[in-house]
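What follows is a short report on a single structure.
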Amino acid sequence: MFETIDQINLSYVKPGIYEETRFEKLHNVIFQNSEEGSKEIAREISNLVRTKQQKEENCVLGLATGSSPLKIYEELIRMHREEDLSFSNVVFFNLDEYFPIDPDDSQSYHHFMAENLFKYIDVKEENIHIPDGNISYEELHDYCNNYENRIQKLGGIDFQLLGIGRSGHIGFNEPGSHLNSQTRIITLDHITRSDAISAFTSLEKVPRKAITMGINTILQAKRIVLMAWGRNKAKIVKKAIEGEISSNIPATYLQHHQNTTVVLDKAASSELTRIREPWIIGDCNWDNKLKKEAVIWLCEHLNKPVLKLTDKDYNMSGLLNFKGPAYDLNIEIFNLLQNTITGWPGGKPNSPDSHRPERSKPDSKNVVIFSLAPETTVAHIGGTMHRLVEQGHKVNLLFGLTEDSISTEEYLKYAGVFKKIMPTDISEGVIEKNCPTMEGQMPSGTVKKIKEFIRIEEILTAVKNLGILEKNIKFINIPEKNNELSEKETVEFINVYLDKINPHQIFTAGDFKIPHGIEKRYLDHLINSTKNLYKTKSPSQCWIWLYNESNQDWKISDVDMAVPLSPDQVLKKRNVIFKFLSQKERILFQGPDTRKFYLDSENRNRSMAEKYHKLGLTEYEAMEVFKKL
Ligand code: F6R
């Protein structure tokens, strides 16, 4: 069981006052981040495997796929390599598999498990069970019964690992699944299919069905751990933990189980009542941030601006602990909010800056904007980038290029033009003479290079429209997954780059759709580089401003700088985003959001301005917001 929970720090509720069962109906623990949570789960699994080994018993593990368990599998592999953890007594049963799908298909869960765990540990082939997505319809019924029987014959699942889908599914038990359901075929929910787009590249290619263990199969497990990481999961986690048991959210069925723990990181727990609205639960340890959150919450609930809140409002809503009349508190919070708004994201020269988000000095700052997805960055902070340039700061862009961000169709468009304009003798080696439509027939590496050129040119065209000089734009190749060596080289490059630029400000993404993916790794590298850099120079010279790349923007109470955009600036930004033509249909970094990113960013910036306005602050067309690291 989990021992290293940091709950007291995470919650404002005074210990001992919290009524455990009033809201939460599933035992849960919250870790600072997904790494810590994953390590703890891996530790529980390894303890169980070893204990069973000592007793010379089999250990039956039920496993999940997806992004959530990746760190757990990494840790188990590490334990196997470094701590002699053997899996020779373990029998594995996976929760589910797409249907139909070939086990050799790189999107299949067979492939996933081999690549992320089985290949690296001493598992016996006959101990691996993953539903077969290749089975015929005729055989399906018996096949599923047999899957159940095999689990039962081994005495049932000792430990079942679960993720949770945004539809509320566990395994692929989608909304509507029955409590008594067993292993069977199921039609996937639309949300589930759209969350899988990034793996399959388009919605049409995502299988419509899957084979999944049933709710009953899962609930028979002796121990269940459900993990959820990142803000993307926060809403469904709240429903699973606080909601009534219902087939609409199949994860709520876990409330029937006697030995389930939900393991969360801070972001995934952020919608729980005890975290989001602790004042509803009990007496709080108030600080400025919590006061700000509570007042904004009250405004939103009563649909009132800050300065119109009365003593009666505060009393009625249970926010009794504030000292002094509402008037003083209203002014205090209003000013805090007001002070986050600035049209000078690089600081306002020759002005007092104690109430501004950025320092006024130096007048002209060295700014670095770091991104692995330039179009997303422009969509999120294009207005701020433009302002920084206009206000005389030296804006440098460091953009990471990941492989294959140009579709074949897009590449062929350019290849066709290229072929037409190049003299045959030059183009021959580059574009296959008679068949420019077949990528496979190109000399190796050429397609990759041409795609990179297309990508770079497009990015340059776009950002030059924001006034950024080409000489200040650098590209780095972001190595493929698991290539630690090249990643080290890239990080060294970042170190040298930052040392040379000596930035006063860095703008980058700080909250992601996948909380422990490649973007988070690079954010950590960047932070470390900055820290190391200023160990030798003057510390705290460089401020890091984070925008939010997950599905939701920062909460207003978390915003440290809000940069307003005029209607013309919104339009300008839209036109710049349109330059990223090759990316308009693509969804980067496994995001589940199928909305076009330019619409998304505009709506997001508008809704942020609206929220500020509703709180009684000046009405702007749109706002880009940042949190200071
Ligand atoms: C996968 C599975 C699913 C996932 C869930 C979360 O085998 O059973 O229930 O656990 O969809 O997926 P990720 O972890 O990718 O967010």
Side-chain angles (χ1 to χ4, degrees), residues 34 37-38 41 61-74 92-99 101 103 107-118 128-133 147 157 160-175 177 181 183-186 188-200 206-207 209-215 217-219 221 224-237 239-240 249-254 260 262-265 267-268 512-517 520 550-551 587 589-593:
S34 59
S38 300
I41 298 175
L61 288 186
L63 294 188
T65 55
S67 68
S68 309
L70 285 173
K71 290 262 161 212
I72 299 173
Y73 298 157
E74 268 174 35
F92 293 94
F93 281 90
N94 260 75
L95 279 164
D96 41 25
E97 175 60 285
Y98 290 112
F99 182 89
I101 202 162
Q107 281 95 24
S108 78
Y109 285 168
H110 279 80
H111 187 263
F112 175 97
M113 289 309 296
E115 288 303 311
N116 291 293
L117 184 64
F118 295 150
I128 295 177
H129 304 89
I130 305 173
D132 183 355
Y147 204 75
I157 292 171
Q160 178 63 57
L161 182 64
L162 295 177
I164 181 169
R166 289 189 311 132
S167 65
H169 72 211
I170 45 176
F172 273 143
N173 292 284
E174 298 289 13
S177 293
S181 54
T183 303
R184 67 199 188 290
I185 189 156
I186 190 158
L188 295 173
D189 197 89
H190 179 73
I191 302 182
T192 305
R193 290 188 67 232
S194 42
D195 279 358
I197 290 177
S198 51
F200 288 88
V206 181
K209 292 186 185 285
I211 300 174
T212 181
M213 279 187 197
I215 296 290
T217 329
I218 294 170
L219 291 181
I224 298 176
V225 169
L226 183 147
M227 69 205 141
W229 323 122
R231 205 170 299 271
N232 261 348
K233 296 284 170 76
K235 287 210 162 88
I236 197 69
V237 162
K239 287 184 187 163
I249 312 285
T252 55
Y253 285 132
L254 295 172
T260 291
V262 180
V263 179
L264 305 169
D265 63 359
F512 313 99
K513 288 175 182 154
I514 307 281
H516 48 245
K520 169 71 170 63
S550 75
N551 281 353
I587 293 146
F589 296 109
Q590 303 185 38
D593 201 334

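Here, residue 1 is the first one in the sequence, and each next residue gets the next number. Here the structure is a predicted model, which means the values were calculated and not measured. Order of appearance sets the numbers: ligands from 1, and atoms from 1 within every ligand.
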Does an N or O anywhere in F172 fall below 3.5 Å from an N or O of ligand 1? no
Which bit of T65 gets closer than 4.0 Å to ligand 1, counting heavy atoms only: side chain, backbone, both or neither? both
Y109, any N or O under 3.5 Å of ligand 1 N or O: no
Among L61, V225, L95, the one residue meeting side-chain contact (heavy atoms from CB on, under 4.5 Å) with Q160: L95
Rounded to the nearest 0.5 Å, how far does OG of S68 lie from OH of Y73? 9.5 Å
So for K233, does at least one of its heavy atoms come nearer than 4.0 angstrom to any atom of ligand 1? yes
Spacing of I186 atom CD1 and D96 atom CG [to the nearest 0.5 Å]: 10.0 Å
Find the distance between OH (Y147) and OG1 (T217) and round it off to the nearest 0.5 Å. 10.0 Å
Using 30° and 60° as the class boundaries, would you call the ring planes of F172 and Y98 parallel, tilted or perpendicular? tilted
If you count the atoms of ligand 1 from 1 in the order shown, which ones are under 4.0 Å from a heavy atom of L95? 8 (O)
Protein residue, atom and distance nearest to atom 10 (O) of ligand 1, heavy-atom basis: G163 CA, 3.3 Å
One finds that the ligand 1 atoms under 4.0 Å from a non-hydrogen atom of G171 are 2 (C), 3 (C), 8 (O), 9 (O)
What residue and atom, counting heavy atoms only, is the protein's closest point to atom 11 (O) of ligand 1, and at what distance? H169 NE2, 2.6 Å
Under-4.0 Å heavy-atom contact with ligand 1, by part of I164 that carries it: backbone
Distance-only polar pair, side chains of R184 and S177, donor-acceptor under 3.5 Å: yes
